[in-house]
Amino acid sequence: MELLSDALTITETNSKIVTQSNVITSARYDFDATQIDIISMIISQLERTKQGVPRVTYSISLKDMSELTNKTMNHQQLRGATESLGNRPFNIKHSSDRYQQIWMFQSVVYILGEARIEITLSEAIIPYLFDLKDNFTRFRLVSSLGLNSKYAKRFYQFACQWKNVGTIIKTVDEIKIMLDLKDPTGKKKEEYTNITTFKTRVLDTAKKEINQNTDIHFDYKMIKIGRNYKKIKFIISTGELNKVQLPIDFKESVEIQKQIKAISAYGVSEETAKIIAKRGYKIWVQSVNEVKEAIRTKKLSIEIDMASYLIGIMKNKGILPKSATL
């Protein structure tokens, strides 16, 4: 099992890192889908102070999560997820004689009446999370949030880790330990001991969701050793992102992510939407309202290409360069 401290890095002379393993994708933990979403939201907000010190407290609202996932979330769901999050550690095997448990949160506070949580990170987890944010930016937040199965979420992160390599072989035991379906100490009962059930409920479920809802194409082949399936070959490649979802990397704040998504809903490309979000989102919103009012009062034709018209306005106002396109 690859860990952050022993990260596998594949490089070429004039290229960036192709693959780097990390604690989030490699560690053994048992979080449900909502809890994984909360962790993804935290990672998307990670930042340092002007003095370079990592900020440790972050706020997540139910509204933000609902907007980014396109799923209705209620107060009870969020509160239930936070109540057990603090008690579930990441289990990290550094070497044959060094095993570590890291608790991600120092505290989780539910703000009554606001459907908002404030999370303070533990000192031990901070280096791992910031390394992930700095080096694993190909991970797409909205794709992960849009997946329903916790196994699909874990395998999506795993696939992002290995997509530039193309294939990776892991033992069945390694994968089960990663998903917390098998306790390496043997104290906890192993789940899905029947290989057919494991394939159907874990691997096939993850494969279907990932291929339908993300930019990753995910497949696998079981490998027999003797009479039993002992290894799994994963085949991973990138494809076109489902148009319902917007590719967003962890370098952008949640607020910018929401703005890019709102702008892109009008048919604007991600690249152009990102420029508008960063340079003049308030002007964009004002322009949209003005155009809608002009259409309502018949000052503009209902048949205009609204996206192109708005891009023209953004160019005239100096928000976009004249060379910008949809």
Side-chain angles (χ1 to χ4, degrees), residues 1-2 7-10 17-37 39-40 43-44 68-71 132 135-182 191-192 194-224 229-250 270:
M1 182 181 294
E2 291 75 25
L8 171 64
T9 303
I10 300 175
I17 292 174
V18 174
T19 298
Q20 180 168 341
S21 61
N22 52 73
V23 69
I24 299 298
T25 52
S26 300
R28 178 172 64 90
Y29 60 85
D30 181 23
F31 297 146
D32 65 26
T34 302
Q35 290 166 337
I36 294 173
D37 288 346
I39 293 169
S40 296
I43 295 170
S44 74
L68 287 171
T69 60
N70 292 321
K71 292 185 290 190
L132 172 62
N135 295 303
F136 196 42
T137 57
R138 292 188 184 90
F139 188 95
R140 299 187 187 276
L141 176 62
V142 170
S143 290
S144 176
L145 292 173
L147 297 169
N148 293 313
S149 161
K150 67 178 182 179
Y151 301 126
K153 291 177 185 291
R154 289 301 309 273
F155 274 119
Y156 176 68
Q157 296 170 5
F158 174 85
C160 284
Q161 179 184 349
W162 294 103
K163 68 180 182 181
N164 289 308
V165 177
T167 60
I168 179 69
I169 295 176
K170 295 283 186 180
T171 67
V172 172
D173 283 348
E174 283 178 317
I175 295 300
K176 282 192 168 186
I177 289 170
M178 182 185 83
L179 299 175
D180 202 37
L181 297 174
K182 183 173 183 176
E191 298 182 51
Y192 300 121
N194 181 288
I195 197 67
T196 301
T197 305
F198 175 65
K199 287 173 58 180
T200 302
R201 296 188 181 179
V202 178
L203 296 173
D204 289 343
T205 296
K207 174 182 172 180
K208 181 178 179 180
E209 279 200 49
I210 290 170
N211 290 343
Q212 288 182 347
N213 298 291
T214 78
D215 58 324
I216 293 292
H217 184 269
F218 179 81
D219 204 351
Y220 71 92
K221 292 182 179 178
M222 304 298 297
I223 300 174
K224 269 188 177 181
Y229 290 105
K230 294 291 186 180
K231 294 184 178 182
I232 310 171
K233 179 179 181 180
F234 294 96
I235 305 98
I236 303 158
S237 61
T238 55
E240 240 184 90
L241 190 69
N242 186 313
K243 292 184 179 180
V244 174
Q245 297 175 327
L246 181 67
I248 298 171
D249 80 35
F250 285 154
E270 179 199 356

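By convention here, the first residue in the shown sequence is residue 1. All values below come from the heavy atoms of this structure, side chains included, with hydrogens, waters and symmetry mates left out.
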Item checked: Side chain to side chain, V172 and I232, heavy atoms closer than 4.5 Å -> yes
Notebook entry, point to check: When you measure from the side chain of K153 to the backbone N and O of L147, does any donor-acceptor pair fall under 3.5 Å?
Noted result: yes
Check: Are side-chain heavy atoms of I195 and M222 found at a separation under 4.5 Å?
Finding: yes
Check: Does K170 make a cation-pi contact with F234, if we ask for NZ or CZ under 6.0 Å from the ring centre and within 45° of the axis?
Finding: no
Notebook entry, point to check: Relative to the ring of Y192, is the ring of Y151 parallel (under 30°), tilted (30 to 60°) or perpendicular (over 60°)?
Noted result: perpendicular
Next item on the list: Can you measure from OG1 (T171) to NZ (K176) and round to the nearest 0.5 angstrom?
Entry: 10.5 Å
Next item on the list: Using a 4.5 Å cut-off on heavy atoms from C-beta on, say whether the side chain of L179 contacts that of F155.
Entry: yes
Next item on the list: Answer whether the closest heavy-atom distance between the side chains of I223 and K233 falls below 4.5 Å.
Entry: yes
Next item on the list: Drop me the distance from T205's OG1 to I210's CD1, to the nearest 0.5 angstrom.
Entry: 10.5 Å
Next item on the list: Could you grab the distance from atom CG of D173 to atom NZ of K231, nearest 0.5 Å is fine?
Entry: 11.5 Å
Note to self: Can you tell me how far apart CG (L203) and CD1 (I175) are? Round to the nearest 0.5 Å.
What the structure shows: 8.0 Å
Next item on the list: Report yes if some heavy atom in the side chain of V202 is under 4.5 Å from a heavy atom in the side chain of L181; otherwise report no.
Entry: yes
Note to self: Donor-acceptor check, side chain of R154 to backbone of M178, threshold 3.5 angstrom: yes or no?
What the structure shows: yes
Note to self: I'd like to check E191 versus K182 (side-chain heavy atoms, cut-off strictly below 4.5 Å). Are they in contact?
What the structure shows: no
Checklist line | Pairs where residues 201-212 contributes a residue and the test salt bridge (Lys or Arg N to Asp or Glu O under 4.0 Å) is met, not counting sequence neighbours | finding: K207-D219
Next item on the list: Measure the OG1-CD1 distance between T167 and I236 for me, rounded to the nearest 0.5 Å.
Entry: 8.5 Å
